[in-house]
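Data first, discussion second: the structure below is written as structure tokens.
Bear in mind the structure is a predicted one, so any value in this text is a computation, not a measurement. Letters A, B, ... are given to chains in the order of the sequence lines, protein chains preceding strands, and every chain is numbered from 1.
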Amino acid sequence: MRVVRVRYAPSPTGTLHIGGARTALFNYLFARHEGGHFILRVEDTDQSRQIEGSEAAMMRGLKSLGIVWDEGPDQDGGYGPYRQSERLHRHQAMADRLLAEHKAYRCFCTPEQLEQDRAQRQAQGLPPRYSGRCRGLTEDDVRARAGERSVVRFKAPMEGDTVVHDLIRGDVRFDNRIFDDFVIMKPDYTPVYNFAVVVDDHDMGITHVIRGEEHLPNTPKQIFIYEALGFEVPAFAHLPMILAPDRSKLSKRHGATSVEEYRDQGILLGALANYLLLLGWSSPDGREILTIDEAAQEFTLERVQHTAAIYDQKKLEWMSHEYMIALPVEQVADAVRSFISYSTETGPEFLAVVGLSRERAFTLVQLAEQMRFFYEAPESYEAKGVAKHFGPGAVERLEALAERLAHQDDWSHDALLAAYDQLSEELGVKRAELIHPTRLAVTGRTVGPGLFELVELVGREASVERLRQAAERIRAGLV
RNA sequence: GACCCCAUGGUCUAGAGGCCUAGGACAUCACCCUUUCAAGGUGGUAACCCGGGUUCGAAUCCCGGUGGGGUCACCA
């Protein structure tokens, strides 16, 4: 049995889109499961559409999700080059061959002519197909017009059926009469996608073409080419699409669509990969939290869904939170660093702060924000909290608290709890009436970690200082 | 419009003729816990698109309809 070889072949026109990421991921998972090779090929034939730095961005995106390729532009595996533009001689050689064998022909029709044809057919209610005007040109005709602008068209079959054996959907049958003689080489004698992809996939020994569903209608054309060239046809598998919540194609107006944007939102990328692999696939035992490696163990195309999936930001964030609390704290700490805009040089130990704060953060952006007060005293207090906890008697309670804590030697969680209990008894107020004003004074917020854990970490000096500060501000009418 | 794909709660899905009184997860609601929030615990609301067949029996098979999506480039 031949070793499995699959590829992800993005066009370098931007950053890694989550649809592309999912396709890459499924290819990768399949390769790993089958003990095969995963290849990265850059489809950069159309120079005009390229975006500078895009190839590097794609690679970064894939790596950040934990997808590694066995062969690619930066990783030779003996099947290179891995940039389509560098394979031009192969495309041209194959086009030459098709021309020589009369399986393709020169077409001199101008774009204007074609546009006219199209309009005419449309007026007659016919589907827009190439007329075949140049199909009958003799070799003398072609020689005579040698200098003219021309493209190469493939002679599509005019009868019969073509069946795509799709590993996910089963056999899909197409009536060959719906295909016209499509262009395979542009006027500058560079290939069009449907042609280049076949030559490259063949040359690279690709055994399984796993790609988005949008490619399914093009597959018969590619099969024509495989057959015309005498190449073995690979197996195909067309993945369901990922749709926006309104069932339309995912686009910028739906918010984040690229891996980069999710990273900037502070979504943990391990979680993103995990979420993505669940879009259209499920593990046999129903587990939802699993790493790429774990998924690769069980990944089969048979378990891939046929239906388009609508992506759900809520579930993604939930998953990010799951990773947030499950990952080693050091890892979360490393990840959150780039989101922090305040100094953490002085103040409580970073890892401890991360450990305490991560429990209620869904993204790294949130985490960074929730960690802020450990390093910076609040400058203002949440209005809702002021109304609730800084009312009559609050100043006295805050001052009493400051006074008591200033002399509190045992600064452990339990000792602090005992101190609050004692003071609440002395003052004849409920413990909560001490706790909430403290939280607000120390953090500026009404929500956060358990008070005693938090105060323990903030430390005595800073805590007392913030209690006094709050009392003063209230007296001065500043809050 | 033509061709192709698809159809289980709001969302992701399990389900390959009887195991389904349709299971899990997210979201949502209620309650519990409690020092707030989050987490956690318990419970609840909520789905087999419709119509015909096939079969003793259909979410599962077939046909039709409807709906959604995709493709129809000298883009990839």
Can you tell me the base-pairing partner of [N]? Count Watson-Crick or G-U wobble geometry only, both distances below 3.5 Å, and say none if there is no partner.
{"N": "B:rC61", "value": "B:rG53"}
{"N": "B:rC26", "value": "B:rG10"}
{"N": "B:rU71", "value": "B:rA2"}
{"N": "B:rU45", "value": "none"}
{"N": "B:rU36", "value": "none"}
{"N": "B:rA76", "value": "none"}

Between [X] and [Y], does any side-chain N to carboxylate O distance fall below 4.0 Å?
{"X": "A:Lys314", "Y": "A:Glu317", "value": "no"}
{"X": "A:Asp180", "Y": "A:Arg153", "value": "no"}
{"X": "A:Asp200", "Y": "A:Arg7", "value": "no"}
{"X": "A:Asp175", "Y": "A:Arg177", "value": "yes"}
{"X": "A:Lys430", "Y": "A:Glu433", "value": "no"}
{"X": "A:Lys315", "Y": "A:Glu288", "value": "yes"}
{"X": "A:Arg173", "Y": "A:Asp161", "value": "yes"}

Under-4.0 Å side-chain N/O to phosphate OP1/OP2 contact, [X] with [N]:
{"X": "A:Lys249", "N": "B:rU71", "result": "yes"}
{"X": "A:Thr45", "N": "B:rA76", "result": "yes"}
{"X": "A:Gln305", "N": "B:rC6", "result": "no"}
{"X": "A:Lys186", "N": "B:rA76", "result": "yes"}

What do you reckon, do A:His215 and the base of B:rG70 stack, with centroid distance below 5.5 Å and planes below 30°? no
When the distance from [atom1] of [X] to [atom2] of [N] is rounded to whole Å, what number comes out?
{"X": "A:Glu213", "N": "B:rU71", "atom1": "CD", "atom2": "C1'", "answer": "10 Å"}
{"X": "A:Arg287", "N": "B:rC12", "atom1": "CZ", "atom2": "C1'", "answer": "17 Å"}
{"X": "A:Arg169", "N": "B:rG70", "atom1": "CZ", "atom2": "P", "answer": "13 Å"}
{"X": "A:Phe154", "N": "B:rA73", "atom1": "CZ", "atom2": "C1'", "answer": "18 Å"}
{"X": "A:Ile242", "N": "B:rG69", "atom1": "CD1", "atom2": "P", "answer": "16 Å"}
{"X": "A:Glu214", "N": "B:rA73", "atom1": "CD", "atom2": "C1'", "answer": "16 Å"}
{"X": "A:His238", "N": "B:rC5", "atom1": "NE2", "atom2": "P", "answer": "12 Å"}
{"X": "A:Leu276", "N": "B:rU11", "atom1": "CG", "atom2": "C1'", "answer": "15 Å"}

Sticking with atom [atom1], work out how far [N] lies from [M], rounded to a whole angstrom.
{"N": "B:rG9", "M": "B:rA59", "atom1": "C1'", "value": "14 Å"}
{"N": "B:rA22", "M": "B:rG44", "atom1": "P", "value": "14 Å"}
{"N": "B:rA14", "M": "B:rA25", "atom1": "C1'", "value": "11 Å"}
{"N": "B:rC62", "M": "B:rA46", "atom1": "C1'", "value": "31 Å"}
{"N": "B:rA47", "M": "B:rA7", "atom1": "C1'", "value": "12 Å"}
{"N": "B:rA30", "M": "B:rU8", "atom1": "P", "value": "29 Å"}
{"N": "B:rG15", "M": "B:rC61", "atom1": "P", "value": "13 Å"}
{"N": "B:rG52", "M": "B:rG68", "atom1": "P", "value": "23 Å"}

Is A:Pro73 close to A:Leu40 at the side-chain level, that is, under 4.5 Å between some pair of heavy atoms? yes
Selection from [options] that lies nearest to any side-chain heavy atom of [X]:
{"X": "A:Thr307", "options": "B:rA7, B:rC5, B:rA76", "value": "B:rA7"}
{"X": "A:His306", "options": "B:rC6, B:rG70, B:rA76", "value": "B:rC6"}
{"X": "A:Arg303", "options": "B:rG15, B:rU71, B:rA76", "value": "B:rG15"}
{"X": "A:Leu216", "options": "B:rG15, B:rC5, B:rA76", "value": "B:rC5"}
{"X": "A:Phe174", "options": "B:rC75, B:rC3, B:rC6", "value": "B:rC3"}

Is there a donor on the side chain of A:Arg149 or the base of B:rC74 sitting less than 3.5 Å from an acceptor on the other? yes
Parallel under 30°, tilted from 30 to 60°, perpendicular over 60°: which one fits the rings of A:Phe179 and A:Phe174? tilted
Parallel, tilted or perpendicular: rings of A:Tyr381 and A:Phe390 (30°, 60°): perpendicular
What is the nucleic acid contact for [X], judged by heavy atoms within less than 4.0 Å: base, sugar-phosphate only, or nothing?
{"X": "A:Thr162", "value": "nothing"}
{"X": "A:Pro187", "value": "base"}
{"X": "A:Pro111", "value": "base"}
{"X": "A:Arg445", "value": "nothing"}
{"X": "A:Val151", "value": "base"}
{"X": "A:Arg211", "value": "nothing"}
{"X": "A:Gly280", "value": "sugar-phosphate"}

Protein proximity profile, nucleotides 25-47 of chain B - base contact B, sugar-phosphate-only contact S, no contact -, cut-off 4.0 Å on heavy atoms: BS--------BBBBS--------
Would you mind writing out the side-chain donor-acceptor pairs for residues 435-442 of chain A within the sub-3.5 Å range, not counting sequence neighbours?
from, atom 1, to, atom 2, distance (Å)
A:Thr438, OG1, A:Tyr420, OH, 2.9
A:Thr438, OG1, A:Leu434, O, 2.6
A:Arg439, NH1, A:Pro449, O, 2.7

